[in-house]
Enquirer: 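One structure coming up, written as structure tokens, with questions to follow.
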Amino acid sequence: MRALGALAIRQTLAGFTLPECRALFLALILAIFTTSLMAVMGDRLDHSLSRKGAELLGADLILQSTRPLHPQRTEAAEKLGIRHSGVTQLATMASTEQQFLLISLRAAQSGYPLRGEIHLQPSSTSALPATGHIWVESAILERLGLALGDSLTLGERDFIISHTLISSPDRGRGFVSFNPQAIIRADDLASTGLLLPGSRAQYRLLFAGEPEAISTLQQQFKDGLETSERLIAIDEEEDRRGSALSRASAFLKLVAFLTLLISGLTIFLSLRRFTRLQNRRAALLRTLGLNRAQLAGVYLLQLLGYWFIAALVGTLLALFAQQGLFLLLADMLPQPIPPTRPLFYLLGPAMGGMLVVALSLPALKQLCRTAPADLFHEQLQSSGYPVRISYLVLGLFILLSGFFYLNSLVLSLLLMGILLLSALLIAWLGARLMVLFGHLLQNRLHLGSLLQSRIQQQQRWYRLQIPVTCLLLSLLSINYLALTDLMQRWRAELPANTPDHFLINVQPWETDDVINILQQADIGTQLWPIYRGRLTALNQAPLADTLNAEQLSHGSLNRELNLTWADSIPAHNSLTQGNWQPDQPGVSVEEKLADELGLKVGDLLGFDIGGTRVEVPINSLRTLRWDSFQPNFFYIFTPAQLNELPASFITSFHLGDRAGEINRNLLQNHPTLTLIDVRQLLNQLQTLLGQLAQLSTLLLLLAALAALLLVYTTLHQELEQRQKENALLRTLGASGTRCRQLDLLELALTGGCTGLLAVAITELSLWPVHQRLLQLEPVLHPTLWWALPLGSLVLFVTMGLISHRSKSLSASYRLLRQQL
Amino acid sequence: MDLSNPVETQFVINAQDVAKQFATQAGPIHLFSKINLQIKPGETVAITGPSGAGKSSLLSLLAGLDEPSAGSIALCGRTLTELSDKQQSAFRAASISFVFQSFHLLPELDALGNVMLPLQILGNKQAKTIATARLEQVGLSHRLHHKPAQLSGGEQQRVAIARAFATQPTLLFADEPTGNLDQHTGEQIIEQLLQMNASEGTTLILITHDPALAQRCQRVFHLDNGQLQEHTV
Ligand SMILES: Nc1ncnc2c1ncn2[C@@H]1O[C@H](COP(=O)(O)OP(=O)(O)O)[C@@H](O)[C@H]1O
Ligand SMILES: [Mg+2]
């Protein structure tokens with residue numbers, strides 16, 4: 001058996017000179033490299049990004065309460081080895097000798113925050129303000145006309161302003177987070193006398209630790225959560241950042257899946273060619289006395305040899321590549337970047353090994369059945385590749401990896417079905433299209449009739465090459481366009497003039513003046529009247545009689561909501577059902593809420609607004625964007641429904657750098673107004689979204705590289721085969737130039753057809769993606785219509801040129817003679 | 001069953017009423033039927049006939065590489081098709097060798113490696129010594145470490161002959177071994193084959209369509225139109 005091992009090793013090494021083995025080897029490296037890299041990168045990025053989320057949050061998990069938290073809570077965390085810290089946040093008046101300002105005060109314990117950093121001006125490394133010192137946001141300095149070093153009074157105590165607070169995680173939630181912020185040490189809080197029994201403060205415990213421990217703790221807390229308590233975790237954040245993160249990670253997974261698909265296909269095709277061309281050798285080894293099992297052993301060893309070397313090379317490459325990438329990304333990611341988990345490096349080799357074995361076993365079985373008698377016949381008969389079984393294996397692989405990456409069997413089944421059907425359809429269409437073009441060109445080019453017969457001969461090849469390349473191009477362009485749409489959406493979520501201030505508590509008699517002040521500063525805005533009220537009746541029956549228990553516990557029923565009326569639906573809302581008729585009594589309801597409460601267009605809603613009962617029918621349902629930084633309302637009434645009721649007004653607008661001046665202007669004239677500054681929040685979000693977009697682009701580029709290599713592999717295999725035919729043609733007297741022109745013409749045509757089909761596939765697939773996923777009006781992408789066919793044409797021709805250059809006549813003649 | 005020591009029989013090849021037909025898409029091809037052939041140990045046999053007559057097909061039947069459509073073939077007294085793949089392979093490794101028209105050397109192995117291979121498959125510890133001796137016998141002692149690509153056609157075929165004789169086979173099948181060589185080289189190759197046959201006592205079945213070469217064998221058969229006829233010299 002040593003002899004067989006040695007034979008396998010020599011065969012492996014010798015294989016490096018054979019084109020199909022080289023292709024297989026490169027494909028394996030590619031597969032292992034990309035799978036490992038994606039796994040490691042994905043893992044580290046996921047880690048990093050969720051840490052980034054954690055840094056906005058200031059922790060991995062937060063337990064928040066309106067009452068001081070029980071020490072049991074921290075003991076539970078300590079048992080699990082989780083770090084913790086605490087903060088108390090309250091809205092309070094800060095004062096100077098002349099002025100008062102409502103601020104949000106945080107009294108932080110040591111270690112706060114656990115994730116992310118507090119940025120100060122001048123920068124400082126101290127974790128907490130010194131005793132008697134306070135850090136305040138610039139808004140406080142602006143409004144109170146203070147500078148660093150001045151003193152600020154909180155309750156019974158004076159503090160020295162030592163630093164400006166540039167940004168800080170954990171700004172708090174809800175109303176309290178909107179006021180300008182200040183931070184003091186927790187031990188200084190008592191001396192202010194602000195925290196009296198009954199004062200409205202938020203008590204928060206922050207936790208950070210290993211993901212497993214955190215989720216254990218989270219579960220423990222969840223099970224014993226008191227009514228005053230609320231748990232806040234990164235992955236449960238339903239806010240803008242949360243949805244952006246999850247969309248980004250879904251996109252990363254999609255790209256990883258795509259790469260895996262591509263790699264699998266590359267291996268499949270190389271292996272197919274490899275086994276096809278091995279039948280003579282297999283026959284010879286059989287005549288030398290190898291039995292089937294031994295022959296299979298030799299080939300399996302050879303393939304495993306490639307796998308082993310490819311695993312080494314691929315893993316090393318992945319190691320270097322990810323180091324390099326993270327160096328490049330260092331600026332964009334929170335430091336320190338979590339370390340690589342070595343296990344993820346095994347994913348590529350494992351995947352590659354599984355693929356090689358699974359795909360080669362049926363082929364090897366076939367190879368071992370090679371009839372040695374074939375050796376006596378000079379015409380080369382290539383052994384059949386057990387296509388059906390291999391497709392089955394490939395399908396299973398797609399299904400499994402789809403399940404792994406997309407987390408849904410149905411989805412991956414559907415995906416596979418669609419891929420398969422499209423491949424078949426494209427194969428048929430592509431071959432037809434080639435014939436059609438061949439026909440059209442027949443009499444128009446001097447090579448026309450040669451081309452025509454070439455096209456007739458090559459139908460089989462088109463049925464493979466065109467769908468493979470076409471699907472690749474489509475997948476890449478779908479992903480690319482989906483990414484651009486995603487980025488556009490991200491950008492649209494936060495355009496440059498996104499409102500960064502909310503003005504609330506505007507009284508009816510102040511509205512004209514406020515609008516005046518804003519208009520003078522060139523700020524156009526709409527004031528929304530606010531009525532505080534709650535839903536009490538549905539179709540003239542109390543809610544308790546019409547809703548089920550789950551619906552009755554809905555958050556929107558247990559507090560007063562902001563209600564408003566308007567002449568028209570706001571621009572960032574869109575009607576999904578019913579009609580907005582401003583002259584009829586009616587109310588428009590937010591769709592998700594309506595769905596959860598089981599409300600339908602036509603239902604009669606009864607509201608209690610400050611003791612007054614109002615009954616109106618639902619005239620429409622609408623969706624809105626909570627992330628628009630515009631005032632949003634669950635219920636919008638038509639005009640004249642709420643006229644006689646007392647209201648205050650709310651608005652939002654973009655101030656940007658002029659904030660200080662306009663703030664002063666507004667507040668000096670109307671001291672009771674509350675101006676909420678969300679600039680910092682906005683900035684944090686914009687940075688994060690920008691980084692996500694860059695990362696996604698980068699990963700997509702990697703997938704594109706993998707795809708390019710696959711197309712190269714398949715095309716190169718065919719072109720190498722072509723060399724033999726050309727060598728034959730040339731020995732028959734065709735000139736080299738003519739062969740070459742014919743080849744290039746055919747390749748250009750194939751590339752063009754492939755590109756055209758890819759355009760169609762892309763546009764057709766983007767239609768539902770746009771409609772369902774991104775909720776955008778489906779649009780055509782005119783650039784795609786010329787860019788894709790042209791790109792594909794150039795790709796094919798370039799590969800053709802490369803392949804032609806690499807073979808001299810004598811080399812291709814030797815190719816002809818090559819027997820084993 | 002010890003396969004390396006052939007059963008003692010009168011005939012090393014005994015073909016009875018052998019028929020072969022291929023099913024093709026264009027319908028069945030009947031190559032021949034009722035072919036009978038008995039060959040004694042050590043004989044040299046030539047099979048001639050026009051191209052497409054079925055010589056190669058007959059050869060692969062006789063060598064047990066293919067199954068006849070009807071009739072039976074016994075090699076060294078046993079019917080190969082009744083044996084398992086393992087037993088067949090072991091028998092082939094020990095007792096049968098081939099020389100092909102297009103040499104079929106493994107391109108990555110040098111001359112020595114190619115000749116050693118069948119010995120190694122048999123687990124022979126003296127593979128290298130034997131292979132070197134064989135290559136010397138065919139006059140290639142100065143080419144031991146050349147790869148097939150560095151050898152001329154005649155030299156490649158001599159390596160193939162050395163490989164074929166390396167295991168001291170009972171039977172040697174050669175299918176137009178001179179077909180890819182010029183006449184002079186071809187004659188040398190035949191000379192080599194016959195010499196080795198004489199010194200090893202191997203039974204030689206040789207396909208050729210060169211009548212002159214055929215005449216150098218003890219028995220000459222002609223296959224045409226599905227009929228196998230022996231020419232008596
Ligand atoms: N496996 C096969 N299937 C179908 N036809 C075959 C097969 N093997 C050989 N033939 C046909 O049998 C005929 C005889 O072939 P062959 O034995 O190679 O003849 P020869 O060696 O005398 O030239 C040829 O027409 C060939 O095409
Ligand atoms: Mg023949």
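Reminder, nothing fancy here: chain letters follow the sequence lines and each chain counts from 1.
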Enquirer: For chain A, find which of B/S57, B/G113, B/S60, B/G123 contributes the most heavy-atom pairs closer than 4.5 angstrom.
Expert: B/S60
Enquirer: Tell me which of these, A/A283, A/A293, A/P372, has more heavy-atom pairs under 4.5 Å with chain B than the rest.
Expert: A/P372
Enquirer: Under 4.5 Å, counting heavy-atom pairs only, tell me which of B/L59, B/L109, B/I207 racks up the most with chain A.
Expert: B/L109
Enquirer: Rounded at 0.5 Å granularity, tell me how far CD1 in B/I121 sits from CG in A/L4.
Expert: 6.5 Å
Enquirer: Please report the interatomic distance CZ(A/R10) to CG(B/D110), rounded to the nearest 0.5 Å.
Expert: 8.5 Å
Enquirer: Measure across A/R292 and B/D85 and return the closest heavy-atom pair with its distance rounded to 0.1 Å.
Expert: N-OD2, 2.8 Å
Enquirer: Taking atom CD of B/Q183 as the centre, report whether more than 12 heavy atoms of other residues, nucleotides or ligands fall under 6.0 Å from it.
Expert: no
Enquirer: Between B/L106 and A/L285, is any pair of side-chain heavy atoms under 4.5 Å apart?
Expert: yes
Enquirer: Please name the pair of heavy atoms, one in A/R281 and one in B/P107, separated by the smallest distance, quoted to 0.1 Å.
Expert: NH1-CD, 4.1 Å
Enquirer: Who among B/A63, B/A93, B/S89 has the most heavy-atom pairs with chain A under 4.5 Å?
Expert: B/S89
Enquirer: Kindly compute the distance separating CG (B/L117) from CG (A/L290), expressed to the nearest 0.5 Å.
Expert: 7.0 Å
Enquirer: Just wondering, more than 12 heavy atoms not from B/N225 lying within 6.0 Å of its CG?
Expert: no
Enquirer: At what distance, to the nearest 0.5 angstrom, does OG1 of A/T287 lie from CD1 of B/I96?
Expert: 10.0 Å
Enquirer: I need the B/T167 OG1 to A/L288 CG distance, nearest 0.5 Å.
Expert: 9.0 Å
Enquirer: Can you tell me if NE2 on B/H209 sees more than 12 non-hydrogen neighbours from other groups inside 6.0 Å?
Expert: no
Enquirer: Atom CZ in A/R286, atom CG in B/L65: separation rounded to 0.5 Å?
Expert: 9.0 Å
Enquirer: Under 4.5 Å from any heavy atom of chain A, what part of B/L61 do you find: side chain, backbone, both or neither?
Expert: neither
